[in-house]
Amino acid sequence: MVLIIDEIFCLFKLDRGLRNIYVKYLLKFESNLKSFIAYRFAEKFKEANAYLDLNNYLKDARKIKDVLKTISILSNTISQQVSKKSKNSIDHYVDKHGGVPIWVLVNYITIGNISYFYSVLDDSLAESIVKDFNAKYNRERKKHKPLFMERKELESIIKIVNIMRNVCAHEERFYSKKAKDNRIAYFARFFDIEQALLKQGSLFTLTILLRAVLSKKGFSIIAQRTKRYIQKI
């Protein structure tokens with residue numbers, strides 16, 4: 001009985017430790033994603049509150065409900081922040097400028113909502129954001145083969161990171177969580193990994209996908225800390 005309790009506690013410590021290692025870099029990806037989206041959106045649409053204009057999104061009848069939902073989320077976020085008693089950046093910009101810049105607004109929306117936002121951007125804008133991630137990876141790894149993700153690959157990463165980020169936020173079981181997405185064939189080829197292995201949606205899948213979007217140093221830290229922690233346990 002004591003042995004079983006010890007094993008359970010060991011798994012608990014392992015899971016908590018892995019969550020603490022990964023959550024920092026999940027948040028780093030989220031921050032980078034928001035920055036790239038805000039920069040590229042503001043670059044293309046310079047009008048105030050352009051993110052509330054239906055015409056600034058994907059022109060696809062199948063996506064119209066998603067576009068309307070996204071606009072509603074952004075509008076509600078502004079309303080909620082303005083209604084708070086405590087002052088914040090959104091309240092300041094509404095009072096002083098009559099509108100909220102996209103680079104301010106993205107700091108108040110979740111990774112899930114930024115996922116919706118990215119999914120309804122027009123193709124040229126979405127691809128420019130993918131190119132930012134590709135350029136960042138290739139700039140730091142000039143001796144490696146270049147990364148050429150497309151929109152669907154970045155959407156896959158966002159989906160899986162969103163799931164795992166929520167697991168961390170709610171302190172759910174992390175090490176065995178499955179977050180599957182079928183749009184990972186490119187990463188299997190690029191990193192020379194068996195596709196069936198990546199399709200399992202395991203922590204290994206998350207790790208490989210993060211390799212494509214984190215800095216070289218950031219990914220190296222995850223790998224080193226995870227290895228040391230597991231050996232310590």
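In this text, all values refer to a predicted model and were calculated from it rather than measured experimentally.
- For F133 and F29, the ring centers are positioned less than 6.0 Å apart.
- The pair D91-K84 fails the salt-bridge criterion, with no side-chain N (NZ, NE, NH1 or NH2) lying under 4.0 Å from an Asp/Glu carboxylate O.
- Annotation: cation-pi geometry not satisfied between R211 and Y137 (NZ/CZ under 6.0 angstrom from ring centroid, within 45° of ring axis).
- The two residues R151 and S119 come nearest to each other via the heavy atoms NH2-O, 3.0 Å.
- When ring centroids are compared, F117 and F41 come within the 6.0 Å threshold.
- Donor-acceptor pairing under 3.5 Å is lacking for the side chains of D53 and Y51.
- Side chain to side chain, S124 and K44 meet the donor-acceptor criterion of an N or O pair below 3.5 Å.
- For the pair R40 and F36, the cation-pi criterion (under 6.0 Å, within 45° of the ring axis) is not fulfilled.
- Just one of N20, L27, L18, L26 meets the side-chain contact (heavy atoms from CB on, under 4.5 Å) condition when paired with C168; it is L26.
- For K136 and D132, the salt-bridge test fails: no basic side-chain N is under 4.0 Å from an acidic carboxylate O.
- For E127 and K131, the salt-bridge test fails: no basic side-chain N is under 4.0 Å from an acidic carboxylate O.
- Considering every non-hydrogen atom in both N138 and P146, the closest pair reads OD1-CA, 3.3 Å.
- The shortest non-hydrogen separation linking I114 to I109 is CD1-CD1, 3.5 Å.
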